[in-house]
Amino acid sequence: MASHKDSCSLNNKVRVRFAPSPTGYLHIGGARTALFNWLFARHHQGEFILRVEDTDSSRSTEEYIDAIIDSMEWLELNWDEGPYRQTDRFSIYKSYVEELLKKGKAYPCYCTPEELDQRRQDALSQGKPPKYSGSCRTIAEPIQGKPATVRFKMPQEGQIVVDDLIKGSVIFENNQLEDFIILRSDGAPTYNFVVVVDDIDMEITHVIRGDDHLNNTPKQIHIYKALGREIPVFAHIPMILGADKARLSKRHGSVSVMAYKEMGYLPDALANYLVRLGWSHGDQEVFTKKELIRYFSLGAVGKSAAVFNPEKLLWLNSQYINKSESRVLAEMVMPFLVRKGIVSEGERLDMEWLSKAIESLQERSRTLIELADSLRYYLLDYVEIDQEAKKKFLSRDMDRLAELKERLSGLALFTAAEIEKVFISMAEKHNIKLGDIAQPARVAITGNTVSPGIFEVMEIVGHEKALKRLSKVVEEA
RNA sequence: GUCCCCAUCGUCUAGCCCGGCCUAGGACACCGCCCUUUCAAGGCGGUAACAUGGGUUCAAAUCCCAUUGGGGACGCCA
């Protein structure tokens, strides 16, 4: 689709923001919104701003703020400004509330939460829209000493058009909109108001967010108008759903970004997967960060919601592991090796050797956890032998394994090529297939029936450990 | 209930804006085959979709309308 649409009417530098509320961990959906904003900013050489929407003091926590930041950092979504905190900016909001009050575009409301709740219930049960009546609009003089909120005076006739980059022109009837609260009785401003003030104050040019905000947009545009400010470009991106097409939530499995880190996913793989949910570039599936920045365009973002598919993410992760530098993987897998007790905390490994071991496992590991599990038989002295495998491959012809051990121990060069020669000559001598000797050896060395090529495995495991393991199974047979 | 959004294989999507090149392309998953010391990776092939009904048109997946289905929003949450 027309990518020129993205850049029309921007003489100024692109400034976008990601504005999570710290009432939970960064989840998959939020991460994608952040990613789209980040890509848009980087594509246009604009600025990406992080803003924490913590005006709900009862639900926001420091812990969540830190967790969101950790997740953003892990995904390498670096920001140019912030993190700003709305709780640091209350005086700014106050001044804007004053402005609206002075202009007669807002008014105090003395209705109590209980009254409002009751009216809402009544309206809903009668099948009527639960809209605020506007009863306090006509109160001429402020009532001293009575707790009040401040409501925005919404135009009650006409239409408002949201010109959305993704959804197109969306028309709302003003009489559907209510005089919503912009300032709580405790003096804290509310979301639909602060978001506008902040976007004005931070000179945000493009508001890119989930389409669950589309319905808020007409209210917000009216605030811009009442304040006489320029309206930014809106782009409402479709949501991510679970397999049952319901809004993605905990019951669909892991939804927090950090859970994917724990499960051994690479940040770039997750980002690649997420960006492809709603966005595409022809038939391409795997992108480098550079390519994403170069190709990304809001015009190529689809309109419909996407179902999160963990299997495709797993496949993408395997692609990333496969093509990553083994040195990089070596660093990344360390915490997993420690967690599994394969390596002890602070233990130094020969990283060159570890990289070599990893290279043999890259194309058969889909996550860092799988990689760490396989690394077990390279690192430990002895391996636990799978009982099934033992029964099948280590219950007969043990003479051959003994012979193999003898011949290998005489090898001057313990390399895959030399080891292979021994296997081949044994197969020829006994007139058996290579697998007939390779499989028992594999079980003896790795403890299981599945591994990279056994000659290569033996070389990496090394002369000493390999022979020790062979001896052990021969003795125990 | 009211308002808003959406609708191509099971899933992610290309194609739709600018109708013919679409007997609808790619990817995940699934199923075969090849390769092979196991498992992968890789290669080759297969099953599988334009929600329905009306228009408009010489021609519609593509434009219009309706229906149905799904999602979202209606808070002194964000």
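Small disclaimer: the values here were computed from a predicted structure and weren't measured.
Within the structure, a side-chain polar atom (N or O) of A:Lys303 is placed less than 4.0 Å from OP1 or OP2 of B:rC6. In this model, the phosphate group of B:rG70 is not approached by any side-chain N or O of A:Ser304 to a distance below 4.0 Å at OP1 or OP2. At the phosphate of B:rA14, OP1 or OP2 sits under 4.0 Å from a side-chain N or O atom of A:Ser280. Side-chain N/O atoms of A:Lys392 include none lying less than 4.0 angstrom from OP1 or OP2 on B:rU38. Taking only side-chain nitrogens and oxygens, A:Gln319 comes nearer than 4.0 Å to OP1 or OP2 of B:rG42. A:Arg184 has a side-chain polar atom (N or O) that falls below the 4.0 Å cut-off from OP1 or OP2 of B:rA78. Residue A:Arg364 places none of its side-chain N or O atoms closer than 4.0 Å to OP1 or OP2 of B:rG42. The phosphate of B:rC76 has OP1 or OP2 within less than 4.0 Å of a side-chain N or O from A:Arg120.
In a base pair of the Watson-Crick type (N1 to N3 plus N6-O4 or O6-N4) or a G-U wobble (N1-O2 and O6-N3), with each distance short of 3.5 Å, B:rA24 is matched with no nucleotide. When Watson-Crick and G-U wobble pairs are counted only if both distances are under 3.5 Å, B:rC33 pairs with B:rG43. Across the strands present, B:rA66 finds its partner in B:rU52; the criterion is a Watson-Crick or G-U wobble pair with both atom distances under 3.5 angstrom. Here B:rG1 sits opposite B:rC74 as a Watson-Crick or G-U wobble pair (both hydrogen-bonding atom distances under 3.5 Å). Under the Watson-Crick or G-U wobble criterion, with both distances below 3.5 Å, B:rA60 has no partner in any strand shown.
With rounding to whole Å, A:Phe172 atom CZ is found 8 Å from B:rC3 atom C1'. Look at CD on A:Glu456: it is 13 Å from C1' on B:rU38, rounded to the nearest Å. Distance, A:Asp186 CG to B:rG75 P: 18 Å, rounded to whole Å. Between the CG atom of A:Asp211 and the P atom of B:rC5 there is a distance of 11 Å, rounded to whole Å. In this structure, A:Lys131 places its NZ atom 16 Å from P of B:rC74, rounding to the nearest Å. In this structure, CD1 of A:Ile237 is placed 15 Å from P of B:rC6, rounded to the nearest angstrom.
In this structure, A:Glu115 reaches neither bases nor backbone, as no heavy-atom distance under 4.0 Å exists between it and the strands shown. Using a 4.0 Å heavy-atom distance criterion, A:Arg59 is classed as a base contact. In this structure, A:Asn216 reaches the bases: a heavy-atom distance under 4.0 Å links it to at least one base atom across the strands shown.
Residue-to-nucleotide contacts include no donor-acceptor pair under 3.5 Å from the side chain of A:Asp54 to the base of B:rA78. No hydrogens or angles were tested; on distance alone, nothing pairs the side chain of A:Gln284 with the base of B:rG26 as donor and acceptor under 3.5 Å. Evaluation of atom-type donor-acceptor distances gives a pair under 3.5 Å for the side chain of A:Ser185 against the base of B:rC76. Under 3.5 Å, the side chain of A:Lys312 and the base of B:rC12 form at least one donor-acceptor pair of N or O atoms.
Using the six-membered ring where Trp is involved, A:Phe152 and A:Phe180 have ring planes that are tilted, between 30° and 60° apart. Between A:Tyr191 and A:His213, the two ring planes are tilted [angle within 30° to 60°]. A perpendicular orientation is assigned to the rings of A:Phe234 and A:Tyr224, their planes being inclined by more than 60° (bins at 30° and 60°).
Nucleotides of RNA chain B nearest to A:Tyr191 and A:Val307 differ in position, and the one nearer the 5' end is that of A:Val307. Residue A:Leu313 is the one, among A:Leu313 and A:Leu434, whose nearest nucleotide of RNA chain B lies closer to the 5' end (criterion: closest heavy atom).
Both tests hold for A:Lys323 against A:Tyr320: distance to the six-membered ring centre under 6.0 Å, angle to the ring axis within 45°. Annotation: cation-pi pair A:Arg276/A:Tyr273 absent, no NZ/CZ under 6.0 Å from the ring centroid and within 45° of its normal. Taking the ring axis of A:Tyr132 as reference, the NZ or CZ atom of A:Arg151 stays within 45° of it and closer than 6.0 Å to the ring centre.
Here the side chain of A:Thr149 is nearest to one of B:rA73, B:rC76, B:rC6, namely B:rC76. Here the nucleotide nearest the side chain of A:Asn322, chosen from B:rU11, B:rC39, B:rA41, is B:rA41.
A donor-acceptor pair under 3.5 Å is formed between the side chain of A:Thr190 and the backbone N or O of A:Ile181.
A gap of 30 Å separates the P atoms of B:rG72 and B:rC30, to the nearest Å.
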